[in-house]
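Working notes, beginning with the structure itself.
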Amino acid sequence: MSLRLYNTLTKKKEEFLPLEPGKVGIYVCGVTAYDLCHIGHARSAVVFDVICRYLKYKGYDVTYVKNFTDVDDKIIAKAIAEGTEISDISERYIREHNEDMDSLGVARPTVAPKATENIKGMIRLIDTLMEKGLAYVVDGDVYYSVEGFKGYGKLSGRGLEDMMAGARIDIDEKKKNPFDFVLWKSSKEGEPWWSSPWGNGRPGWHIECSVMSQRFLGDTFDIHGGGEDLVFPHHENEIAQSEGASGKPFARYWMHNGFIKIDSEKMSKSLGNTMSIKDVLTLYHPEVVRFFILQRHYKSYIDFSDAAMAEARSGMERLYTALKGIKDAIGGDRDLSDLSEKDLSGEDESVFDKLAELKPKFAEAMDDDFNTPRALGYLFDAVRLINGYLPKDAVISRGSLFILNEGRDCIREVGKVLGLLLEEPDDYFGKDRERELKKLGIDVGEVERIIDERQKARGAKNWGRADELRDILAAKGIVLKDTPTSTTWKIG
RNA sequence: GGCGGCAUAGCCAAGUGGCUAAGGCAGCGGUCUGCAAAACCGUUAUUCACCGGUUCGAGUCCGGUUGCCGCCUCCA
């Protein structure tokens with residue numbers, strides 16, 4: 001089956017044909033390490049994590065490069081404000097970033113290079129651009145000359161004339177063209193610097209990605225990704241730098257993830273309404289966050305809100321409840337290795353056949369530009385099929401056991417590609433409960449005392465008192481579940 | 001001002017030319033229960049912003065209208 005993906009460069013869905021059969025090189029623009037990561041970073045990370053997981057699932061040998069920008073105006077400003085070195089700032093936030101990504105179940109990239117480790121490469125690349133007449137020096141600053149690169153604007157779909165017509169950028173006297181961008185900046189007093197043929201200074205923002213992608217993936221590579229906001233100018237400038245220098249095509253497929261809004265408003269640093277990953281994870285299980293992200297197609301924007309997250313949590317609960325149901329039905333240590341399709345009766349066989357469709361359908365959805373919402377839909381279809389097969393009493397046939405076991409394997413396999421359903425159901429619900437208790441400020445001891453009292457009332461068939469106590473707990477958001485012998489509870 | 005995107009049930013969201021318009025959440029009905037809840041099962045859009053066109057056939061293609069949004073400035 002062939003993978004098709006939407007290419008920002010051609011504005012079409014295209015069949016994905018890697019440069020080298022069986023191998024994929026992918027570069028994604030990482031973060032600037034000067035602050036905590038927010039849920040927007042989480043989306044980008046989860047989206048490309050799932051893309052890489054699926055490519056590996058399809059058998060590709062994936063090289064995934066995601067950089068850290070560790071020299072930048074904002075990092076410098078923060079270092080000055082705190083009276084420390086920029087490396088202290090960047091190292092701190094790289095550490096925080098990695099911690100957040102680990103929490104979210106985002107696999108580490110194959111390589112995570114830092115800009116400051118690649119200054120020499122940047123100087124070399126700028127030198128090449130100088131030689132080719134694509135760059136010029138003004139007062140120790142080096143600029144890229146966009147007029148010298150005829151493909152400028154091909155990714156963002158705007159010609160230089162269009163942009164001039166709607167120019168909303170400051171006119172800089174130093175630049176030949178307002179869209180020329182800086183490759184190398186001379187350093188001011190107190191700023192970090194590296195020596196270069198153009199004097200002491202530091203790199204511009206765009207040059208690092210051209211250098212690091214080339215270093216680890218070559219002049220031409222398969223996929224370049226990032227947030228949609230990076231299309232212009234960042235990615236446009238990368239193309240200008242890389243293709244201008246090498247004369248070869250740069251990335252062959254460009255993929256851009258949509259933004260996260262918060263309560264229908266754009267989330268951005270300038271608006272100050274960002275939500276950090278750490279904050280989100282105190283409120284929701286990481287898989288709920290992933291589920292929330294994957295329930296929408298990666299290209300469209302999604303709206304973060306408490307209500308939307310609560311829905312995602314309900315969705316995850318349905319999936320884990322099914323896994324728990326299977327586990328309970330099968331029992332702890334039962335050996336299922338002797339079961340086979342031979343144990344299926346006629347009716348079982350049709351259910352089994354439907355269940356077997358899960359994996360091919362999942363692959364079909366993912367092959368269609370990573371359609372995770374549709375893929376999740378198939379996962380829920382399989383769950384419904386299995387739920388209908390859970391035994392009503394303690395007796396369970398060999399055929400049912402076989403179906404439940406196979407069904408669980410299918411669900412888990414598909415879930416794993418999405419980074420979901422990786423936990424044992426009891427662990428998932430345990431962590432979820434802990435989080436909810438904290439969120440609602442509920443005292444477990446008190447809850448259990450009230451439940452005990454209610455059990456006594458129930459034993460005495462004092463239904464009025466029992467219902468009253470149940471209502472008290474319900475007001476706290478606690479939902480009771482009575483069984484013939486006991487009462488369990490959860491957060492509603 | 002320039003460039004681009006979106007509009008599908010109460011909410012979220014797939015579907016981009018053709019069997020009954022996925023799935024989730026919420027709602028409703030049922031099973032269960034002392035009654036509930038939870039869980040499960042079932043059910044919920046003759047219709048895809050509006051108008052016109054192409055076609056044997058359109059939510060899906062084309063043109064127009066309206067509304068919302070993004071990028072053009074650091075941003076994932």
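Order of the sequence lines fixes the chain letters, A, B, ..., with proteins taken first and strands second; residue numbering starts at 1 for each chain.
- Ring-centre distance between A:H97 and A:H41: not below the 6.0 Å cut-off.
- Rounded to whole Å, atom C1' of B:rC6 lies 15 Å from atom CD1 of A:I302.
- Set against B:rG24, B:rC40, B:rA22, the side chain of A:F380 has B:rG24 as its closest nucleotide.
- Across the strands present, B:rG17 finds no partner; the criterion is a Watson-Crick or G-U wobble pair with both atom distances under 3.5 angstrom.
- Closest to the side chain of A:R318, from the set B:rG2, B:rC40, B:rA39, is B:rC40.
- Centre separation under 5.5 Å together with a plane angle under 30° does not hold for the ring of A:Y378 and the six-membered base ring of B:rA22, so they are not marked as stacked.
- Put simply, NZ on A:K461 is 14 Å from P on B:rU33, counting in whole angstrom units.
- Scanning atom types as modelled, no donor and acceptor separated by under 3.5 angstrom connect the side chain of A:N371 and the base of B:rG23.
- Rounded to whole Å, the C1' atom of B:rU8 lies 16 Å from the corresponding atom of B:rC68.
- For A:R158, taking side-chain heavy atoms from C-beta onward, the closest of the listed nucleotides B:rC71, B:rA76, B:rG34 is B:rC71.
- Spacing of P atoms, B:rU47 relative to B:rA39, comes out at 33 Å, to the nearest Å.
- Taking a 6.0 Å sphere around NZ of A:K11, one finds it holds more than 12 heavy atoms contributed by other residues, nucleotides or ligands.
- Contact annotation: A:R458 does not reach the phosphate of B:rC35 (side-chain N/O to OP1 or OP2, under 4.0 Å).
- Residues A:T69 and A:E208 form a side-chain contact, since some pair of their non-hydrogen atoms from C-beta on lies under 4.5 Å apart.
- A donor N or O paired with an acceptor N or O is found under 3.5 Å between the base of B:rC35 and the side-chain atoms of A:D482.
- The base of B:rG70 does not come close enough to the side chain of A:E228 for any donor and acceptor atom to sit less than 3.5 Å apart.
- At a cut-off of 3.5 Å, with distance as the only test, a side-chain donor of A:Y54 or A:D367 sits close to an acceptor on the other residue.
- Using a 4.0 Å heavy-atom distance criterion, A:L230 is classed as a sugar-phosphate-only contact.
- The residue A:I260 sits close to a base: some heavy atom pair falls under 4.0 Å.
- We find that CG of A:D303 is positioned 15 Å from C1' of B:rC25, with the value rounded to whole Å.
- The side chain of A:H297 lies closest to B:rA14 when the candidates are B:rG34, B:rA14, B:rA38.
- Separating the NZ atom of A:K261 from the P atom of B:rA76 is a distance of 18 Å, rounded to the nearest angstrom.
- Residue A:H41 places its side chain closer to B:rA76 than to any other of B:rA76, B:rC74, B:rC40.
- For B:rA45 and B:rA36, the C1' atoms lie 33 Å apart once the distance is rounded to whole Å.
- In this structure, the CG atom of A:L294 is 19 Å from the P atom of B:rC12, given to the nearest Å.
- In this structure, of B:rA37, B:rA22, B:rA39, it is B:rA37 that holds the atom nearest to the side chain of A:K481.
- Taking 4.0 Å as the cut-off between side-chain N and carboxylate O, A:E436 and A:R433 do not count as a salt-bridged pair.
- When both pairing distances are held under 3.5 Å, B:rC74 makes no Watson-Crick or G-U pair with any nucleotide shown.
- Map A:L390 and A:E311 each onto its nearest nucleotide of RNA chain B; the residue landing nearer the 5' end is A:E311.
- Both distances falling under 3.5 Å, in either a Watson-Crick or a G-U wobble arrangement, occur for no nucleotide opposite B:rU47.
- If you measure from atom CG of A:L420 to atom C1' of B:rG24, you get 13 Å, rounded to the nearest angstrom.
- Electrostatic pairing of A:R53 and A:D49 counts as a salt bridge here, judged by a charged N lying under 4.0 Å from a carboxylate O.
- Between B:rA49 and B:rA38, the distance separating the two C1' atoms is 40 Å to the nearest Å.
- With both ends at atom P, the span from B:rG4 to B:rG64 equals 13 Å, rounded to whole Å.
- The partner of B:rG4 is B:rC69, judged by Watson-Crick or G-U wobble contacts that both fall below 3.5 Å.
- With a cut-off of 3.5 Å on both Watson-Crick or G-U wobble distances, the partner of B:rA37 is given as none.
- For A:W489 and B:rA37, the shortest distance from a side-chain N or O to OP1 or OP2 is not below 4.0 Å.
- A residue-by-residue look at A:A466 and A:D72 shows that A:A466 has its nearest nucleotide of RNA chain B further toward the 5' end.
- Comparing B:rA14, B:rG24, B:rC69 against the side chain of A:Q295 picks out B:rG24 as the nearest.
- There is no side-chain donor-acceptor pair under 3.5 Å between A:N98 and A:R95.
- Base pairing of B:rA9 is not made with any nucleotide, judged by Watson-Crick or G-U wobble geometry with both donor-acceptor distances under 3.5 Å.
- Taking atom C1' in both B:rU20 and B:rU44, one finds a spacing of 15 Å when rounded to whole Å.
- Within a 6.0 Å sphere centred on CG of A:D471, other residues, nucleotides and ligands contribute more than 12 heavy atoms.
- Among the atoms of the strands shown, none is found under 4.0 Å from any heavy atom of A:R4.
- At the heavy-atom level, A:G325 lies nowhere under 4.0 Å from the strands shown.
- Aromatic stacking of A:W463 on B:rG34: satisfied, with centres closer than 5.5 Å and planes within an angle under 30 degrees.
- Distance check on atom P: B:rA22 versus B:rA9 gives 14 Å, rounded to whole Å.
- Nucleotides B:rC19 and B:rU60 are separated by 14 Å at their P atoms, to the nearest Å.
- Of the listed nucleotides (B:rA76, B:rA39, B:rC41), B:rA76 has the atom at the smallest distance from the side chain of A:N257.
- Listed nucleotides B:rA76, B:rC35, B:rC40 differ in distance to A:F259; the shortest reach to its side chain belongs to B:rA76.
- With a 3.5 Å ceiling on both atom-pair distances, the Watson-Crick or G-U wobble partner of B:rG42 is B:rC28.
- Residue contacts shown for A:G40 include a base, since a base heavy atom lies under 4.0 Å away.
- Spacing between atom CZ of A:R296 and atom P of B:rG24 amounts to 14 Å, rounded to whole angstrom units.
- For A:R374, the listed nucleotide lying nearest its side chain is B:rG15; candidates were B:rG15, B:rA26, B:rG34.
- Side chain A:K266 to base B:rC75: a donor-acceptor pair is found below 3.5 Å.
- Nucleotide B:rG59 is matched to nothing when pairs are restricted to Watson-Crick or G-U wobble geometry with both distances under 3.5 angstrom.
- Sparse packing is recorded around NZ of A:K354, with 12 or fewer heavy atoms of other residues, nucleotides or ligands lying under 6.0 Å away.
- On a pure distance criterion of 3.5 Å, a polar donor-acceptor pair joins the side chain of A:R470 and the base of B:rA36.
- In this structure, A:T488 reaches neither bases nor backbone, as no heavy-atom distance under 4.0 Å exists between it and the strands shown.
- Straight-line distance from the CG atom of A:N387 to the C1' atom of B:rA38: 13 Å, rounded to whole Å.
- Ring to ring, A:Y253 and A:Y6 are not that close: their centroids are 6.0 angstrom or more apart.
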